[in-house]
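Working notes for the structure below.
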Amino acid sequence: MRIDIVSIFPEYLAPLRLSLLGKAVRDGVIDLGVHDLRAFTHDRHRTVDGTPYGGGAGMVMRPEPWGEALDSIMESGDSGVRPTLLVPTPAGRPFDQRLAHELAERPWLIFACGRYEGIDQRVIDEYAERAEVIPFSLGDYVLNGGEVAALAVTEAVGRLLPGVVGNPESLVEESHSDGLLEYPVYTKPPLWRGREVPAVLLGGDHGAITRWRTEQSMIRTARTRPDLLHPSQGLTVPGLEDAE
Ligand code: 6GU
């Protein structure tokens, strides 16, 4: 899989070269390119932002450097491959394990990491003609920019690629793989500070262990993420077509 990331803080993406993902990059499983947006400016101050038309607080990222950066990246690739352009924004589609699996099937991801109040909308509209554009959000809170989100998504997607996680069994048992949170886990010693490992896990009855784990997953999910068990069903706004 090819992954390109455009940012005004390319150093922010350095952790992608560590640990399991770093090995995947060195092994060629992930072809990673990190690009400095300011390299695509031409003025002395390497300007990437401007005041918002219509007024308001904060700054908006100007379209020209984004156009040059994305053109240059897209021209460097196989023209037969339509890239997926991922745009981190708190106004995007919630990123989840289902989307991670979907992205792991794609040949080429490009992240456009904005800062400030976001990127001029015309950039999104322009590249929707050449890529599948997916604005996404990590959750209902605000980050200063898209870099942390690009790190999170690259790790969530990268670990699903064949050969990145040593034991593929770990991908089956973990949280969200079955729509539930993972059950609690224990290791040696059997007694620590007066706290025992649940007896069922030491008993060797694998049927009983599976049933206990499923029950624990249900309890944990019901307590901390009841929304996963009872998603609000097909809430619609009358008269609203699919927006954007
Ligand atoms: Cl993807 N970007 C930004 N800037 N803030 C966020 C986010 C993304 N997800 C949650 N907050």
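Small disclaimer: the values here were computed from a predicted structure and weren't measured. All ligand and atom numbering here is 1-based and tracks the order in the structure.
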Heavy-atom distances under 4.0 Å decide this one: backbone, side chain, both or neither, for [X] against ligand 1?
X      : answer
Ala149 : side chain
Phe95  : neither
Thr89  : backbone

> Do ligand 1 and Gly146 have nitrogen or oxygen atoms that lie under 3.5 Å from each other?
Replying inline: no
> Mind checking whether Tyr141 has an N or O less than 3.5 Å away from an N or O of ligand 1?
Replying inline: yes
>> Is it the case that the side chains of Glu68 and His42 hold a donor-acceptor pair, with the cut-off being a distance below 3.5 Å and no angle test?
In response: yes
> Have Trp108 and Asp4 got a donor and an acceptor in their side chains that come within less than 3.5 Å?
Replying inline: yes
> Going by the order shown, which atoms of ligand 1 are within less than 4.0 Å of some heavy atom of Gly145?
Replying inline: 4 (N)
> Hey, are the side chains of Pro83 and Leu109 touching, using non-hydrogen atoms and a 4.5 Å cut-off?
Replying inline: no
>> What I'd like to find out is whether the side chain of Phe95 reaches to under 4.5 Å of the side chain of Val153, using heavy atoms alone.
In response: yes
> Of all the non-hydrogen atoms in the protein, which one sits nearest to atom 9 (N) of ligand 1, and at what distance?
Replying inline: Leu138 N, 2.8 Å
> What residue and atom, counting heavy atoms only, is the protein's closest point to atom 4 (N) of ligand 1, and at what distance?
Replying inline: Leu143 O, 3.4 Å
> Going through the distances and angles, do Asp120 and Arg122 end up as a salt bridge (Lys or Arg N to Asp or Glu O under 4.0 Å)?
Replying inline: CA-CA 6 Å; Asp120 188 300; Arg122 292 170 292 179; 2.7 Å; yes
> Trp212 vs Tyr186 aromatic rings, parallel, tilted or perpendicular, using cut-offs 30° and 60°?
Replying inline: tilted
>> I want to confirm something. Looking only at heavy atoms, which of Gly114, Pro90, Gly92, Pro88 is nearest to atom 3 (C) of ligand 1?
In response: Pro90
> Which pair of heavy atoms, one from Pro10 and one from Asp36, lies closest together, and at what distance?
Replying inline: CG-CB, 3.8 Å
